[in-house]
Amino acid sequence: MTLKKLPDNLHRDTLAVRVAVERSQYGENSEALYLTSGYVQPSAEASARRFAGDEEGYTYARSGNPTVTSFEMRLAAMEGTEAAIATSTGMAAIMLMLFSLLKTGDHVVYSQSMFGSTIKLIGTEFARFGVESSIVPQSDVAAWKAAIRPNTKILFAETPTNPLTDVCDIAALADLAHNAGALLAVDNCFATPILQRPVAMGADIVMHSGTKYLDGQGRVMAGALCASEKMIQEKFLPVQKNGGMVLSPFNAWVVLKGLETLDIRMRAQSARAHELALWLEQHPKVSRVYYPGLTSHPQHELSMKQMSGLGGAVLSFDVKADTPQAARAGAFHVLDSLQTLSLCTNLGDTKTLLTHAASTSHGKLSEDQRQAAGIGQGLIRMAVGLEHPDDMKADLLRGLDTLK
Ligand SMILES: *Cc1c(COP(=O)(O)O)cnc(C)c1O
């Protein structure tokens, strides 16, 4: 299916609402949802050409679907890459990337602050197949450099990270990777292409969990890899066709429509998060706030340079206490006192979601590992949504002002 014809040099705002496959014969203005698993072939000859790859055209939804194509083209346009490939979840995108690019004996360098399932997938699951890996501190470029070996194929970074919002220097890591003949992949979930376009800073692959800000309203799971046309066609597509980690057309449609409001949501949610971060920093029961937009953030300047001057919509804060037990009790009290905001392990929603990292995302770590990762018992992550900031503050105060 061909892309809708659009003028050259359109702005990203315009691409976010306009890029899609051609309209059907019915002239729908909102993109069609093609909920079909198979496609009727115009002739046996055409079918043969399509299966041989000599002619464009859909055959079976594991190999492609027009609604999924619309999402892929729109996301690629926003990230500034030649192409994108959609997957069923964010983890399926990482799975597809690693499975497509690595073989036994290859080596991956990645950060210790990455998403928990990413660490398990590389360090445990791919290790079973003889893929080696080194885990390094997120913001220490020298440590990334020292970890590179002759068999290193991928440097994989996530910035900012969850829940402490550590930032790494994308351009510096891209240089390291390329000097070593390796690729830099960036998990761009937290910043989204609105704040940060890793490929413009030298990255080769951008990974997304569409489940988060791309959908933006907590409805569906989705994922994607953005990269060159060559890498998508030659590396990822063949593996996906045979591996089957495809995005459902329905979920693709939801996320496609989500992209239309991504810019205004990210800006509005970042502004609210910044206001909340400044406010929390002043609260006597809060010992520390983690947010790239604050001047107290260790990589504040780099963050502002890399993230279009915005801090993103996720912040974390430590409830003040003398012992880990008291900190945990304090954090639980704040969370249990919420009446408006949600105690919910997701992020990227228009609804504000709060979680206690030490007992959820980082609950399987030993206390020593947790300390090393900087995750205290009083730490609360807040993925800021679109409620009025005064209502968010009032909901937090219910707990913060009644702490023992
Ligand atoms: C949620 C998330 C993922 C995984 O995405 P799923 O859609 O849940 O599979 C990967 N990286 C980051 C940073 C995430 O927040």
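Along the sequence shown, residues carry numbers from 1. Model, not experiment: these values are computed from the prediction. Indexing begins at 1, ligand by ligand and atom by atom, following the structure's order.
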Polar proximity ligand 1 side, T118 side, N/O cut 3.5 Å exclusive = no
For atom 4 (C) of ligand 1, the closest protein heavy atom turns out to be F115 CE2, 3.4 Å
For A222, take its heavy atoms, then give the atoms of ligand 1 lying under 4.0 Å from any of them.
-> 7 (O)
What protein heavy atom sits nearest atom 14 (C) of ligand 1, and how far off is it?
-> K212 NZ, 2.9 Å
Would you call the rings of Y291 and H274 parallel, tilted or perpendicular, where under 30° means parallel and over 60° means perpendicular?
-> tilted
Structural part of A92 in contact with ligand 1, heavy atom criterion under 4.0 angstrom | neither
Answer yes if the ring centres of H297 and Y290 are under 6.0 angstrom apart, and no otherwise.
-> no
For I94, is at least one N or O under 3.5 Å away from an N or O on ligand 1?
-> no
For atom 9 (O) of ligand 1, the protein heavy atom that lies nearest, with its residue and separation = M91 N, 2.9 Å
Taking both backbone and side-chain atoms of M207, is any N or O found less than 3.5 Å from an N or O belonging to ligand 1?
-> no
Ignoring hydrogens and angles, tell me if any N or O in the side chain of S37 forms a donor-acceptor pair with the backbone of A61 under 3.5 Å.
-> no
Can a non-hydrogen atom of S117 be found less than 4.0 Å from any atom of ligand 1?
-> no
For N251 and V220, indicate whether the former's side chain and the latter's backbone hold a donor-acceptor pair under 3.5 Å.
-> no
Does the side chain of F236 reach to within under 4.5 Å of the side chain of I205, using non-hydrogen atoms?
-> yes
Atoms of ligand 1 close to M221 [distance to a heavy atom under 4.0 angstrom, numbered from 1] | 6 (P), 7 (O), 8 (O)
Heavy-atom contact under 4.0 Å between N162 and ligand 1?
-> no
Where is the nearest protein heavy atom to atom 12 (C) of ligand 1: which residue, which atom, and how far?
-> D187 OD2, 3.4 Å
Compute the shortest N/O to N/O distance between E158 and ligand 1 and return yes if it is under 3.5 Å, no if not.
-> no
Would you find more than 12 non-hydrogen atoms of other residues, nucleotides or ligands less than 6.0 Å from K393 atom NZ?
-> yes
Sidechain-backbone polar pair: D395 side chain, L341 backbone, donor-acceptor under 3.5 Å = yes
Donor-acceptor pair, side chain of R381 and main chain of V314, under 3.5 angstrom | no
Compute the ring centroids of Y39 and Y58, then answer whether they are less than 6.0 Å apart.
-> yes
